[in-house]
Amino acid sequence: MASGEHEYRVNVTWIGNEGSGTSGYRTYGRNHDIRVDGKPTIPGSADPAFRGDASRWNPEDLLVASASACHKLWYLHLCAEAGVVVEQYRDDAVGTMIDTATEGRFTRIVLRPHVTIRAGGDVALAEHLHHTAHEKCYIANSVNFPIECEPVIETIDV
């Protein structure tokens with residue numbers, strides 16, 4: 001695993017000027033494009049509750065997806081090192097955000113990974129590795145709200 005400082009460069013370009021810029025709250029679109037050199041563009045917007053385009057990714061979706069993906073990547077890494085052979089992994093993650101007149105913030109994310117390991121694998125170890133993955137997850141270590149994990153482990157003959 002590489003150690004040290006890592007830098008991530010992302011370009012977010014607003015494409016929502018509908019002719020009058022931000023002359024009023026209802027006069028501009030929330031759409032933007034998220035780009036990183038050498039990768040596909042991600043179409044972004046605001047959540048529809050904030051006048052965004054429901055067909056595009058919003059920052060809240062991306063935050064929950066980042067937490068889920070980071071956990072998954074650590075989990076698969078730890079399983080590979082421990083000899084637990086993962087055959088399938090799916091997470092139905094849910095993030096909860098509050099939005100009041102004075103604040104807006106996430107209060108929690110719940111990861112619900114459904115993992116299938118090869119028959120004969122150590123189910124208890126497979127479950128325990130979720131705790132270790134959570135401890136190592138860069139995203140979970142960077143946010144100021146809890147990220148919980150409720151894994152389900154199954155086995156499959158291959």
Side-chain angles (χ1 to χ4, degrees), residues 1-82 84 86-116 126 128-152:
M1 175 93 13
S3 62
E5 185 173 280
H6 303 273
E7 186 174 82
Y8 300 89
R9 295 177 182 265
V10 177
N11 172 276
V12 177
T13 303
W14 176 52
I15 57 171
N17 186 344
E18 297 175 354
S20 59
T22 58
S23 60
Y25 181 74
R26 298 181 186 285
T27 64
Y28 65 93
R30 276 53 176 178
N31 291 358
H32 54 270
D33 289 331
I34 303 167
R35 292 187 181 89
V36 172
D37 286 345
K39 298 179 183 180
T41 298
I42 297 172
S45 190
D47 182 287
F50 308 111
R51 304 189 52 78
D53 182 341
S55 70
R56 298 171 77 91
W57 288 83
N58 63 60
E60 297 82 11
D61 292 333
L62 293 169
L63 178 62
V64 176
S66 292
S68 175
C70 187
H71 180 92
K72 180 225 12 131
L73 291 168
W74 269 110
Y75 181 76
L76 296 177
H77 172 96
L78 294 166
C79 285
E81 285 185 338
V84 174
V86 175
E87 297 288 345
Q88 298 173 12
Y89 186 108
R90 184 190 78 243
D91 185 8
D92 297 312
V94 177
T96 303
M97 186 182 82
I98 60 169
D99 181 34
T100 69
T102 58
E103 72 172 332
R105 64 182 174 86
F106 271 80
T107 57
R108 71 187 245 191
I109 291 175
V110 179
L111 307 178
R112 294 191 173 97
H114 189 114
V115 179
T116 304
H128 174 73
L129 290 174
H130 278 288
H131 300 287
T132 306
H134 179 72
E135 291 171 357
K136 293 184 173 289
C137 176
Y138 304 129
I139 304 301
N141 287 322
S142 300
V143 298
N144 66 353
F145 56 85
I147 297 179
E148 302 162 23
C149 187
E150 301 172 353
V152 173

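Bear in mind that the values here come from a model prediction, so they are computed numbers and not experimental data.
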Between [X] and [Y], which heavy-atom pair has the shortest distance, and what is it?
{"X": "Gly21", "Y": "Thr27", "result": "O-OG1, 3.4 Å"}
{"X": "Val12", "Y": "His32", "result": "CG1-CD2, 3.7 Å"}
{"X": "Trp14", "Y": "Asn31", "result": "CD1-O, 3.2 Å"}
{"X": "Asn58", "Y": "Asp61", "result": "OD1-N, 2.8 Å"}
{"X": "Leu129", "Y": "Ala82", "result": "CD1-CB, 3.9 Å"}
{"X": "Ala67", "Y": "Ile147", "result": "CB-CD1, 3.8 Å"}

Could you tell me if the side chain of [Y] sits less than 4.5 Å from the side chain of [X], heavy atoms only?
{"X": "Val152", "Y": "Arg112", "answer": "no"}
{"X": "Tyr89", "Y": "His114", "answer": "no"}
{"X": "Thr96", "Y": "Phe106", "answer": "no"}
{"X": "Arg105", "Y": "Ile98", "answer": "yes"}

Separation of [Y] [atom2] from [X] [atom1] (nearest 0.5 Å):
{"X": "Cys149", "Y": "His134", "atom1": "SG", "atom2": "NE2", "answer": "8.0 Å"}
{"X": "Met97", "Y": "Arg108", "atom1": "CE", "atom2": "CZ", "answer": "15.5 Å"}
{"X": "Asp91", "Y": "Lys72", "atom1": "CG", "atom2": "NZ", "answer": "10.0 Å"}

Exercise for the section: List for me each residue that meets salt bridge (Lys or Arg N to Asp or Glu O under 4.0 Å) alongside Arg9, sequence neighbours excluded, and say none if there are none. Expected result: Glu7

Problem - Carboxylate-amine/guanidinium proximity below 4.0 Å for Asp47 and Arg56 - result: no

[X] side-chain N/O to [Y] backbone N/O, donor-acceptor pair under 3.5 Å:
{"X": "Thr41", "Y": "Arg35", "value": "no"}
{"X": "Ser68", "Y": "Val64", "value": "no"}
{"X": "Ser45", "Y": "Gly52", "value": "no"}
{"X": "Thr100", "Y": "Glu103", "value": "yes"}

Exercise for the section: Carefully, step by step, assess Leu62 and Trp57 under the rule side chain to side chain contact (heavy atoms under 4.5 Å, CB included). Expected result: CA-CA 7 Å; Leu62 293 169; Trp57 288 83; 3.6 Å; yes

Fill in the blank from the handout: Residues passing the side-chain contact (heavy atoms from CB on, under 4.5 Å) test with Ala126, sequence neighbours excluded, are Tyr75, Val84, Ile117, Ile153

Exercise for the section: Could you label the plane-to-plane angle of the His77 and Trp74 rings as parallel, tilted or perpendicular, counting under 30° as parallel and over 60° as perpendicular? Expected result: perpendicular

Problem - Arg30 charged N/C atom sitting above Tyr28 aromatic ring, 6.0 Å / 45° - result: yes

Problem - Arg90: side chain to side chain donor-acceptor pair (under 3.5 Å) partners, not counting sequence neighbours - result: Asp92

